[in-house]
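Reviewing the structure listed below.
Lettering follows sequence order; numbering is per chain, from 1.
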Amino acid sequence: MRLYDTARQAVVPFEPGPQVLMYTCGITPYDATHLGHAATFIAYDVLQRRLIDLGHSVKCVRNVTDVDDPLFAKARELGVHYLDLAAGEEARFERDMEALHALPVHSSPRASSAIPDIRGFIGMVLDRGFAYESGGSVYFDVSKFPSFGSVSHYSESEMIAIARERGGKVDDPNKRHPLDFVLWHPSEPDEPSWDTMWGPGRPGWHIECSALALRELGTTIDLHGGGSDLIFPHHECERAQSEAATGEPFVKHWMHVAMVYMNGHKMSKSLGNLVFVDALRREWDPRAIRLAIIEHHYRLEWEWDDTLMPRNKARLEHWSRGGHGESGVVDDVRAALDDDLNTPAALALIDEAAAKGLGVHDAAALLGVLL
RNA sequence: GGCGACGUGGCCGAGUGGCUGAGGCAAAGGACUGCAAAUCCUUCCACAUGGGUUCGAUUCCCAUCGUCGCCUCCA
């Protein structure tokens, strides 16, 4: 199968061994799952299904970021403990994913479960000389890592210029280099804090994924994913610290899922242009929601609009009318998926077969849609 | 500013180096109806702009313009 690799900026063969090690960045559970989240994880679900269909076993880890600023802020606002908020939202996310018929992932480790791993991981980075302590924080030393930027393809001078332009942490006097990022930093008074040999505090944003990937999957993983908004800085920093810690390649293949738009803008909480999965599935068959998502190619940005659900409800009914006899379209669907996960083409093939009155149950099942 | 994506008829949205071009919605006309709705039939309308490559481009390349995204909150 061929997939686009963000780091190589090209569609390249993706030919993992019998067991595929896969890590996708999950959610920060402080609010309901919206279409953008669903689209991301459904894309990886379709990938997983095809890999299993090809005979692989897939070990997919999807973390839950339950130690993070937006979660603390929301918990503060609601007056609840951040872990209570996280547990509730995580459960809601799981229900949404289950309703959309997503395969269960191998594990969904929480950042809060990884503090000992993070401590050890930071120790590794420090021991190998890629990080330094300063002012109660531990920073990654970007100057020691020349290939910083090779995932996102920003040059160092560009990143510095941007950082300087935006102000903020560039001028942090504890930093040696403006692009150095935090591995560990002191907590605010009302934030959780853990003791370490370099001082009390909490993990930096990127470190949990590196520590969890190492803990659950080992030094080198086959495929790492997430939303395209995570490419920089998150995945750039993650790769740097992981390779610094282990000395081994971190990720063989980077796969990012494009953003979903609504009313011409990226679906985001600040704009309020959100469609929540739990609200949507009160009104529509979850299979139709899945179809509405995979009607789009994972790598292209797309816009949510009101015609999507009626159209895909009709599509679902159309497909269901065929008999159980198989049409031979399954192999065409496989070929479409192997071509950079071309789900729009796969749907078109099935539409066509269904229009001829052929059975498309197996082909639909390959996409995670049980008729 | 850097990087990236995109720009197809009123709207959404496939697709292809060659009589130019799915499908859906909308609209118009007709059939049907007591009148409508629904349904069915028919019709209308497009490949951002300028170059280049080519026998020939909407499709490939370059530039321009435009829209949008990312740039340490974000799937």
Side-chain angles (χ1 to χ4, degrees), chain A residues 4 6 9 24-44 62-65 68-74 93 96-97 139-140 142 148-149 151-170 172 175 178-182 185 204-206 225-238 240 255-271 274 277 292-293 295-308 310-315 318 342 344-345 347-349 351-352 355:
Chain A
Y4 185 85
T6 306
Q9 295 181 296
T24 65
C25 286
I27 56 159
T28 299
Y30 66 99
D31 210 339
T33 315
H34 62 64
L35 245 302
H37 299 119
T40 299
F41 301 118
I42 291 303
Y44 294 109
R62 184 173 64 208
N63 67 300
V64 174
T65 304
D68 202 9
D69 293 313
L71 179 62
F72 299 154
K74 186 74 181 285
F93 171 73
D96 285 338
M97 286 297 109
Y139 295 92
F140 186 84
V142 167
F148 192 75
V151 176
S152 60
H153 304 286
Y154 297 122
S155 74
E156 184 174 294
S157 62
E158 286 164 356
M159 290 189 270
I160 293 170
I162 293 159
R164 182 158 292 136
E165 183 183 316
R166 298 281 166 143
K169 295 172 185 168
V170 180
D172 182 344
K175 281 180 168 184
L179 292 180
D180 289 351
F181 56 93
V182 162
H185 57 124
W205 176 30
H206 318 297
S228 64
D229 52 353
L230 296 179
I231 296 170
F232 187 88
H234 185 54
H235 288 161
E236 196 66 69
C237 295
E238 218 183 299
M255 172 175 160
H256 292 97
V257 180
M259 299 291 104
V260 179
Y261 292 70
M262 191 170 167
N263 304 328
H265 297 282
K266 177 182 151 186
M267 208 174 262
S268 73
K269 293 179 175 99
S270 57
L271 292 170
L274 299 170
V277 175
I293 290 170
E295 178 184 301
H296 306 89
H297 189 266
Y298 80 93
R299 209 144 56 73
L300 299 176
E301 298 154 347
W302 55 280
E303 173 95 13
W304 179 265
D305 71 77
D306 293 338
T307 67
L308 239 27
R311 180 163 70 243
N312 282 285
K313 177 177 184 274
R315 170 178 268 145
H318 185 217
N342 193 345
L347 295 205
L349 288 165
D351 284 343
E352 203 180 320

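- When distances run from any side-chain atom of Met267(A) to the nucleotides rG4(B), rA75(B), rU72(B), the shortest one goes to rA75(B).
- Here the straight-line distance linking atom NE2 of His235(A) with atom SG of Cys25(A) works out to 3.0 Å at 0.5 Å rounding.
- Separating the C1' atom of rG17(B) from that of rU67(B) is a span of 28 Å, rounded to the nearest Å.
- At a threshold of 4.0 angstrom between heavy atoms, the contacts of Gly36(A) include nucleobase atoms, whether or not backbone atoms are also involved.
- Between the CD atom of Glu301(A) and the P atom of rC12(B) there is a distance of 16 Å, given to the nearest Å.
- Only the P atoms considered, rC6(B) is 32 Å distant from rC44(B), to the nearest whole Å.
- Annotation: rG4(B) and rC61(B) have their P atoms spaced 14 Å apart (nearest Å).
- Nucleotides of RNA chain B nearest to Pro344(A) and Arg299(A) differ in position, and the one nearer the 5' end is that of Arg299(A).
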So what is the 5' to 3' dot-bracket string for RNA chain B, if pairs are Watson-Crick or G-U wobble with both distances under 3.5 Å, crossing pairs use [ ] and | means the partner sits on another strand?
(((((((..(((.....[....))).(((((.......)))))....(((((..]....))))))))))))....
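- At a threshold of 4.0 angstrom between heavy atoms, the contacts of Gly204(A) with the nucleic acid are absent.
- Partners of Asp96(A) by salt bridge (Lys or Arg N to Asp or Glu O under 4.0 Å), not counting sequence neighbours, listed by chain and number: Arg281(A).
- By the 30° and 60° cut-offs, the orientation of the rings of His206(A) relative to Phe181(A) is perpendicular.
- Comparing rA75(B), rC71(B), rC73(B) by their closest approach to the side chain of Trp205(A) singles out rC73(B).
- Remark: P of rG4(B) and CD1 of Ile231(A) are 12 Å apart, rounded to the nearest angstrom.
- Checked against side-chain contact (heavy atoms from CB on, under 4.5 Å), His185(A) has the following partners two or more places apart in sequence or in another chain: Ser137(A), Val182(A), Arg202(A).
- For the pair His153(A) (side chain) and Thr6(A) (backbone), a donor-acceptor distance under 3.5 Å is present.
- Side chain of Ile27(A), nearest nucleotide from rC74(B), rA75(B), rG4(B): rA75(B).
- Separating the CG atom of Leu300(A) from the C1' atom of rU8(B) is a distance of 15 Å, rounded to the nearest angstrom.
- Contacts of Arg315(A) classified as side-chain contact (heavy atoms from CB on, under 4.5 Å), with partners at least two apart in sequence or in another chain: Leu291(A), Glu295(A), Asn312(A), Trp319(A), Leu347(A), Asp351(A).
- The nearest whole Å value for the distance from the CD atom in Glu295(A) to the P atom in rC25(B) is 13 Å.
- Atom pair Asn63(A):CG and rA75(B):P shows a separation of 10 Å (rounding to whole Å applied).
- Side-chain contact between Glu236(A) and Ile231(A): absent, with no pair of heavy atoms (C-beta onward) separated by less than 4.5 Å.
- Using a 4.0 Å heavy-atom criterion, one finds that His34(A) contacts the bases of the nucleic acid, with or without backbone contacts as well.
- Residues meeting the salt bridge (Lys or Arg N to Asp or Glu O under 4.0 Å) test with Asp229(A), sequence neighbours left out: Lys266(A).
- When rounded to the nearest whole Å, the span between CZ of Arg311(A) and P of rG13(B) equals 8 Å.
- One can place CD of Glu303(A) at 12 Å from C1' of rU67(B), the figure rounded to the nearest angstrom.
- Side-chain atoms of Lys266(A) and base atoms of rC74(B) include a donor and an acceptor less than 3.5 Å apart.
- Atom CZ of Phe232(A) is separated from atom P of rC74(B) by 12 Å (rounded to the nearest Å).
- Comparing the same atom, C1', in rU8(B) and in rC3(B) gives a spacing of 26 Å after rounding to whole Å.
- Checked against ring-ring contact (aromatic ring centres under 6.0 Å, His included), His34(A) has the following partners two or more places apart in sequence or in another chain: His37(A).
- Using P as the reference atom, rC74(B) and rC60(B) are 35 Å apart when rounded to the nearest Å.
- For the P atoms, the distance from rU43(B) to rG23(B) is 11 Å, rounded to whole Å.
- In the set rA75(B), rU72(B), rG69(B), rA75(B) carries the atom at the smallest distance from any side-chain atom of Phe41(A).
- Distance noted for atom C1' between rG7(B) and rA27(B): 24 Å (whole Å).
- A residue-by-residue look at Leu230(A) and Gln9(A) shows that Gln9(A) has its nearest nucleotide of RNA chain B further toward the 5' end.
- Within 4.0 Å (heavy atoms only), Val182(A) reaches no atom of the nucleic acid at all.
- Atom C1' of rG69(B) sits at a distance of 25 Å from the matching atom of rU59(B), rounded to the whole Å.
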